[in-house]
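Down below is the structure, laid out as structure tokens.
Here, residue 1 is the first one in the sequence, and each next residue gets the next number. First listed ligand is number 1; within each ligand, the first listed atom is number 1. What you see is a predicted model, and the numbers here were worked out from it, not measured in a lab. Heavy atoms only: backbone and side chains are in, while hydrogens, waters and symmetry mates are out.
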Amino acid sequence: MKYKVPFVNPQKQYKDHKKEFLKTVDDVFSSGDLILRSDLDVFERKIAKLVGTKYAVGVNSGTDALSLSMEAAGIKAGDEVITVSHTFMASISAIYHQGAKAVLIDVGEDFNMNPDLIEKAITSKTVAIEPVHLNGRMCDMAQIMAIAKKYKLMVIEDAAQALGAKFKTKEGKWKMAGSFGLAGCFSMYPFKILGAFGDAGIVTTNDREIARKARLLRYNGEDRKKRKFYSHGYTALLDNVQAGLLNVKLKYFPDWLKRRREIAELYKKGLENIKEVKLPHFPDPRFFDVYQNYALRARSRDKLAAYLNKKGVETIISWPIPNYKQPVMQPNNIFLPETEKICQEVISLPMFPELTNQQIGYVINFIKKFYA
Ligand SMILES: Cc1ncc(COP(=O)(O)O)c(C=O)c1O
């Protein structure tokens with residue numbers, strides 16, 4: 001179906017910068033620089049600088065970024081990692097891939113880990129906390145880092161949806177998502193804030209050993225210079241051509257973030273008087289949100305989604321079923337009230353930098369009509 005207002009529009013971004021993308025592809029393909037070449041190197045350096053970490057290691061996906069970070073951190077069978085249920089399943093799967101157990105806790109109003117619930121979830125087996133910065137908003141890293149320090153736990157940030165998001169520390173310094181924990185894990189899946197033309201991801205870290213191990217694991221465990229295998233690894237590299245294309249996109253990234261925040265403000269202005277919806281704006285000056293998604297809570301959510309769909313507006317529901325109710329997570333006796341409520345109410349509106357003011361007005365208009 002062709003939507004009047006699609007949820008995302010990668011073809012528009014391609015059209016806008018087609019020449020640069022095609023030149024990059026031609027350069028890479030003509031030179032045969034397919035694996036571990038300079039475009040990847042440049043991309044890693046640029047991301048490390050942007051996030052403010054010493055190292056960045058390009059990998060095949062956000063899922064790989066999480067799994068490789070956890071493996072590099074030594075998370076193993078018998079360990080427990082505290083995370084949220086309200087996230088993409090990959091955040092949880094990465095823990096199970098290590099043979100460890102994911103201990104799922106509830107989220108707060110802003111869809112993110114409720115830090116007040118962490119201490120109760122800590123056991124003698126807990127080794128790490130995995131906060132998920134959902135929808136381009138960071139978790140309360142002041143509280144999470146303080147708890148991690150108190151109990152000597154590692155923090156592996158799932159920053160898949162949060163490149164560019166910031167949190168202000170007690171000292172009044174802005175710090176980027178992916179720079180707080182032992183590792184930050186980003187996804188460059190095509191529809192992410194910075195999306196490749198296929199799967200891509202990156203690990204950020206200040207820890208030399210984590211970076212070294214992630215580099216080994218992503219390329220079969222081998223140090224190719226020494227011809228020595230140090231671990232049983234994977235084929236999980238970020239392709240050089242994708243890195244090259246991401247380098248092109250990085251030039252526009254600051255403008256795209258600005259536009260996402262502008263769009264969020266326009267949605268806010270248009271929708272804030274509708275009492276049946278709760279918008280994702282939270283008055284805490286410590287947070288700088290980048291709106292990977294504009295996820296709101298709406299009464300009669302399913303009817304609203306069907307109505308908007310009929311009017312040509314594409315929306316997404318992330319997620320209608322709590323992860324702990326999914327078949328792969330059975331059996332368990334988990335019940336998380338805020339997560340349950342969110343799964344019934346959440347709906348994400350179209351959000352991408354190329355969205356026009358006219359399209360935004362169109363969406364607002366029909367949401368108003370629906371509740372009139
Ligand atoms: C919160 C979160 N974690 C992890 C991932 C996994 O990233 P990828 O799809 O690149 O494997 C995603 C991607 O959708 C995500 O949104």
Side-chain angles (χ1 to χ4, degrees), residues 7-8 10 43 47 56-71 81-98 102 104-105 107 110-113 128-139 141 144 155-165 177-178 180-181 183-204 214 217-218 234-239 242-243 245-246 249 260 280 289-295 316-324 326 328-329 339 342-343 346 348 351-352:
F7 189 70
V8 288
F43 182 62
I47 291 292
V57 182
V59 291
N60 192 42
S61 66
T63 305
D64 283 336
L66 287 165
S67 289
L68 270 53
S69 297
M70 288 187 194
E71 192 167 336
V81 178
I82 297 171
T83 192
V84 288
S85 167
H86 194 67
T87 178
F88 185 52
M89 187 62 94
S91 319
I92 297 165
S93 304
I95 299 167
Y96 283 102
H97 286 318
Q98 312 315 313
L104 305 182
I105 63 172
V107 289
D110 65 353
F111 303 97
N112 275 338
M113 178 176 274
I129 306 170
E130 182 201 15
V132 182
H133 309 310
L134 209 64
N135 300 322
R137 177 181 176 81
M138 289 188 65
C139 297
M141 292 312 283
I144 291 172
V155 173
I156 309 274
E157 291 174 72
D158 182 338
Q161 300 194 4
L163 185 66
F180 282 81
C185 306
F186 293 90
S187 166
M188 276 88 196
Y189 177 72
F191 307 135
K192 290 288 192 269
I193 287 183
L194 181 75
F197 289 82
D199 282 315
I202 202 158
V203 176
T204 53
L217 287 168
R218 73 175 176 176
Y234 310 88
T235 302
L237 286 167
L238 172 56
D239 286 336
Q242 294 292 358
L245 294 164
L246 286 163
K249 287 198 175 194
R260 278 180 183 274
D289 300 348
V290 292
Y291 299 96
Q292 161 69 58
N293 302 304
Y294 194 80
I316 281 192
I317 292 168
S318 305
W319 296 265
I321 303 169
N323 277 327
Y324 54 83
Q326 292 291 353
V328 67
M329 297 297 292
T339 297
I342 288 176
C343 289
V346 71
S348 296
M351 172 55 92
F352 53 91

Check: Asp199 side chain, Asn60 main-chain N or O, donor-acceptor pair, under 3.5 Å: no
Polar atom proximity, Asp158 to ligand 1 (N or O, under 3.5 Å): yes
Value rounded to 0.5 Å, distance of CG in Leu237 from CD in Gln242: 12.5 Å
Numbered atoms of ligand 1 (with element) below 4.0 Å of Ser61, judged on heavy atoms: 10 (O), 11 (O)
Shortest protein contact, atom 9 (O) of ligand 1 (heavy atom only): Ser187 OG, 4.0 Å
Atoms of ligand 1, numbered as shown, that sit under 4.0 Å from any heavy atom of Ser91: 3 (N)
Atom OH of Tyr189: over 12 foreign heavy atoms under 6.0 Å: no
Under 4.0 Å to a heavy atom of Val132 - the qualifying atoms of ligand 1, by number: 1 (C)
Min side-chain heavy-atom separation Ile105-Met113 under 4.5 Å: yes
Tyr189, any N or O under 3.5 Å of ligand 1 N or O: no
Beyond-backbone contact of Leu163 with Met188, side-chain heavy atoms, under 4.5 angstrom: yes
Protein heavy-atom partner closest to atom 12 (C) of ligand 1 - residue, atom, separation in Å: Phe88 CD2, 3.5 Å
Non-hydrogen side-chain atoms of Tyr234 and Leu68 separated by less than 4.5 Å: yes
Partner set under side chain to side chain contact (heavy atoms under 4.5 Å, CB included) for Ile342, not counting sequence neighbours: His86, Val107, Phe111, Arg297, Glu338, Val346
Contact check, side chains of His97 and Glu71, non-hydrogen atoms, under 4.5 Å: no
N or O pair under 3.5 Å between Gln161 and ligand 1: yes
Atoms of ligand 1, numbered as shown, that sit under 4.0 Å from any heavy atom of Thr87: 1 (C)
Protein contact to atom 6 (C) of ligand 1 [nearest heavy atom, distance to 0.1 Å]: Thr63 OG1, 3.5 Å
Closest protein heavy atom to atom 13 (C) of ligand 1, given as residue, atom name and distance to 0.1 Å: Lys192 NZ, 3.0 Å
Nearest-neighbour protein heavy atom for atom 2 (C) of ligand 1, which is reported as residue plus atom name and distance: Ala160 CB, 3.4 Å
